[in-house]
Number of protein chains: 6
Amino acid sequence: MIYVTKQMSFSASHRIYNPSLSDEENFRLFNQCANKNGHGHNFTIEVTVKGSINPLTGFVINLKELKDIMQEHLISLLDHSNLNLDIEFFKHNIPTSENIAIFAWNILEDKIKNAKLYKIKIAESNSSYVEYFGNSD
Amino acid sequence: MIYVTKQMSFSASHRIYNPSLSDEENFRLFNQCANKNGHGHNFTIEVTVKGSINPLTGFVINLKELKDIMQEHLISLLDHSNLNLDIEFFKHNIPTSENIAIFAWNILEDKIKNAKLYKIKIAESNSSYVEYFGNSD
Amino acid sequence: MIYVTKQMSFSASHRIYNPSLSDEENFRLFNQCANKNGHGHNFTIEVTVKGSINPLTGFVINLKELKDIMQEHLISLLDHSNLNLDIEFFKHNIPTSENIAIFAWNILEDKIKNAKLYKIKIAESNSSYVEYFGNSD
Amino acid sequence: MIYVTKQMSFSASHRIYNPSLSDEENFRLFNQCANKNGHGHNFTIEVTVKGSINPLTGFVINLKELKDIMQEHLISLLDHSNLNLDIEFFKHNIPTSENIAIFAWNILEDKIKNAKLYKIKIAESNSSYVEYFGNSD
Amino acid sequence: MIYVTKQMSFSASHRIYNPSLSDEENFRLFNQCANKNGHGHNFTIEVTVKGSINPLTGFVINLKELKDIMQEHLISLLDHSNLNLDIEFFKHNIPTSENIAIFAWNILEDKIKNAKLYKIKIAESNSSYVEYFGNSD
Amino acid sequence: MIYVTKQMSFSASHRIYNPSLSDEENFRLFNQCANKNGHGHNFTIEVTVKGSINPLTGFVINLKELKDIMQEHLISLLDHSNLNLDIEFFKHNIPTSENIAIFAWNILEDKIKNAKLYKIKIAESNSSYVEYFGNSD
C-alpha cells in the first residue's frame, strides 16, 4: 500500500459568520474573520489517495489524472470565487477550512478510480491547516 | 549603506475590474479576476529601507520598530479587508498588486525615521510579485 | 473527526551535552552540538488537535484561541531563551527536539478545551524534525 | 515512542516508460514523462524512524548518524545519476516515485540501528509526493 | 516605473561537460555534473519586466499574458526535455544556468509588448541561482 | 555580466546588547533580544558574485568552488557558535545581521577569484533580512 498526494491551490474570498447569531456574537466568536465585506486567502488543498502499484505503470495513480480530476470537479468551482456567495454548499455551512475539507471529500470520493481517497488537507495559510480522513476515521 | 527588509502578510479579497468599462471588456481584460463577487489572497508585503549602521545599536533600523510601523499604518487597514469596498484609495484605483505597492509607499514614506524607504514588494502568490522603488526610479 | 494544526516558531539557543559524561564522550556523541558556548535555531512547533466540528462555529477549535494558548503557555517561555539556562525542565533533561516535544506536550495537554491534543511536531531546521503523540501511542 | 525525520535531496534524471509496451501506449500512459531523452528533478527524500528516547543522549537516533547512513547507502547512488541507466533496480522497475520509495526502503531497512524504519517519503516536486510504510502497512 | 515578475518551473535533465576537453579534464572541472548519463533538476525561471502602469487596467502587464508567453515560447521547449540532446542551442553551448538565462533572454526579449524585459533568474535548486540583465548591464 | 548566488546556512546563538549602556537602556533598545543568556537562529547567508561567462566552462564561477570558499572561511567559524563569545569580531561589534554581513564581506572579498563579490545577504528568519554591497555602494 502506497499513499500518493497531489497539492493544488485556489484563491478565494470568504466571510466566517453564522447568520443565526447576532453581529455581536459573531464578532465575539470570529473577530475580524466576520468583517462584513469578507477577506481572502490563497488556499492550498492536498488530496491523498492510497492503493497498490499497478505493475504496468509503476504508479498507484497517474498524478496528471488526479490533478485533472481535482481541477475539473473542485478547483474550477473554488478558484477565484467568493465561497459564501458562489458555492451552494456554503450557503448552509460556514466556509471554514473544516467545512471546505468535508466539501472536497464529498465531491472527490467517488471520482477517483483504482485508488481510495484517504485524506483531504486544507491550508488557509502557511501556519494553519486541517486534515479530514472521511467518516470512517 | 545597508538595505534592511521586513516581510509581513495580510489576507484580503479584491475584484479586478474597471467600472468605466463594460462587463464584456472587463472579462476580456481580467478573466476570472473580474468575477462579480471577488476572490482573495494571502498577500505578502516586503518593505526595504536603506541607511547606515547606528553605532549605538548595530542596526540601520530596529526591525521591531519597522514591523510596528507597518502593522499600525498598513496591515491594520488591509488585513481581513475587502480592498475594493473597505479602502478609500481602491474606490478610485483598481486594486492590482501594482496599485497596492504605490498605496503602501505613499503611506509609509514619511513614517520611517533614520532610514530611507527604498522598495515595496507585493506578492499575490508564490509565483507573482511586483516591486516599486518610488517616483525617483 | 477532524485534525487541526497551528504552526508557530521560537528563536532559542541550546547546548546538547550530558553533564554526567566527560567532555570527550560528549563530543563523540554530539559533535559540534556540544560546543561550550552553545548555538541556536529558529525552532518551529506544530500543535495538532483532534475533535468534531462545533455546528455553531464550523470550527473544531478557533485557531486564534489555539494560538493564544500556545503563546501564553509555551512560546512566551521558549522564545528568545537559552533553553539550558532559562528553562527549569532542561536543567534535568537534555534540550533535544525530542525532549522539547515532550515538554510542550506536558504543558499543553490540559490547556486545550473542547478538543484533544493529538501531536506535537518540533523542527530544528527545514530538514530535521520529530513528532510526539503522547504516551498512549 | 517518538518519530524522527531527516530530509535530504538528490538531483537525478529519469524516463517513465514501460519497455514492454509500444511507444504509442507509453505516450498515452505517461505523456511527456515518456520523452525519449528523459528529463529530471530535484527529488526530496524524507526518512522517518520511530523509537524511544535514549536517556544517555536525549535522542531516539542521532540525526547526523541517520544522515550519514542515508548519504552512504542511498544519496551517493542516486545523486547526479540517470535512474534508468545507472541503477540496476530501475532496469527492471519503472523509476516512478512509488518505486524509488520501495528501493529506498529495501536499502535502508536493516541499516538503521536502535530505531525502526517507519516511513519513506519521495517528492518529485513541491506539489507531488508519495509515502511508503513498508509491507506491514 | 514598476517591476513585475512571474515565476514558472520546468523539469529537465542535463550534463555539464565540454566536448572539446578530455574526460579527465571534464571531471576535474565539473565533478559529478559531468556524469556520462546526465542528471536533472526542477529548474525555476523568474522573468522580470519593467514598465509604467496602464491606467485602463492598473497593470504594467497582465501576468496571465506574461505566463502565456513564457509557456508558449520557453517552457514548452524546456519542460521534460534533455537540454543537451533536445535543444539546438545547447548543442553548441554548455547547458549551465548561466547559458540557460541567456537562452531565455534571447527568446523572450522581443516577445514582450508594452513592457521591457529587465531580468532573467534561473535557479537549479533552492540554494543556487543566476541572474542576467541582458547585454546592456 | 551575470550574477551568481550561493545560499548556505548556519545555526548560531547571539545576544544583542551594547556593553557600554545600562541594562535598562539595552532592554529599551533591544527588548528580549538583550536577554541575558542569549537566544539563537538558523541564519541564512547568500553570497552573490558578478562576472562574465568563462567559455571553457559555461560558468561565471563553479558553484561548488564558491560553496567550498564559504564553508572554509565563513561557515566553519559561524556554524554551531555563540557569536558574542566565540568570534573575535563580535567582541567589539554587536552581532546584528548588519554587522554579520560586514564581517562576511570582509572575509570573503579577496578569497573569490575570477569574479567580483557583489552582495552579502543575511536572513535571521524567513521574514527579516539585510543586504550589503560593500563600501562602494
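Here is the naming used below: chain letters follow the sequence lines, and residue numbers restart at 1 for every chain.
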Participant: Applying side chain to side chain donor-acceptor pair (under 3.5 Å), name anything that partners C:Lys67, two or more places apart in sequence or on another chain.
Facilitator: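 With sequence neighbours excluded, C:Lys67 shows a side chain to side chain donor-acceptor pair (under 3.5 Å) to no residue whatsoever.
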Participant: Do C:Glu131 and D:Tyr118 get their side chains close enough for a donor-acceptor pair, meaning under 3.5 Å?
Facilitator: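 Per modelled atom types, C:Glu131 and D:Tyr118 side chains form no pair under 3.5 Å.
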Participant: Is there a side-chain contact between C:Ser127 and D:Met8, using heavy atoms and a 4.5 Å cut-off?
Facilitator: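 The answer is no; the side chains never approach within 4.5 Å.
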Participant: For C:Ile102, which atoms come within 4.5 Å of any heavy atom of chain D: side chain, backbone, both, or neither?
Facilitator: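 When you check distances to chain D, only side chain atoms of C:Ile102 fall under 4.5 Å.
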Participant: For chain D, find which of C:Asn93, C:Asn31, C:Asn26, C:Ile122 contributes the most heavy-atom pairs closer than 4.5 angstrom.
Facilitator: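 Top count of heavy-atom pairs under 4.5 Å with chain D: C:Asn31.
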Participant: Between C:Tyr132 and D:Tyr3, is the side-chain contact (heavy atoms from CB on, under 4.5 Å) condition met? List the steps.
Facilitator: CA-CA 7 Å; C:Tyr132 180 57; D:Tyr3 297 74; over 6 Å; no
Participant: Where along residues 70-82 of chain C does a heavy atom come under 4.5 Å of chain D, listed by residue number?
Facilitator: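 So no residue qualifies.
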Participant: Looking at C:Asp68, I want to see if its CG is surrounded by more than 12 non-hydrogen atoms of other residues, nucleotides or ligands under 6.0 Å.
Facilitator: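 More than 12 within 6.0 Å, yes.
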Participant: Out of curiosity, D:Ile2 CD1 to C:Asn99 CG, how far, rounded to the nearest 0.5 Å?
Facilitator: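 If we round to the nearest 0.5 Å, D:Ile2:CD1 and C:Asn99:CG are 7.5 Å apart.
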Participant: Can you name the closest pair of heavy atoms from C:Asn126 and D:Gln7 and give their distance?
Facilitator: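 C:Asn126 and D:Gln7 have their closest heavy atoms at O-OE1, 3.9 Å.
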Participant: Working to the nearest 0.5 Å, report the span between OH of C:Tyr129 and CD of D:Glu46.
Facilitator: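 C:Tyr129 atom OH to D:Glu46 atom CD measures 3.5 Å (nearest 0.5 Å).
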Participant: Report, as yes or no, whether the 6.0 Å neighbourhood of atom NZ on C:Lys36 holds more than 12 heavy atoms from other residues, nucleotides or ligands.
Facilitator: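 Not buried by this count: 12 neighbours or fewer within 6.0 Å.
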Participant: Using non-hydrogen atoms and a limit below 4.5 Å, what part of residues 11-19 of chain C faces chain D?
Facilitator: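 The residues closer than 4.5 Å to chain D, in numerical order, are C:Ile16, C:Asn18.
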Participant: Select all residues of residues 54-65 of chain C having any heavy atom within less than 4.5 Å of some heavy atom of chain D, and report them by number, or 'none'.
Facilitator: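 Answer by number: none.
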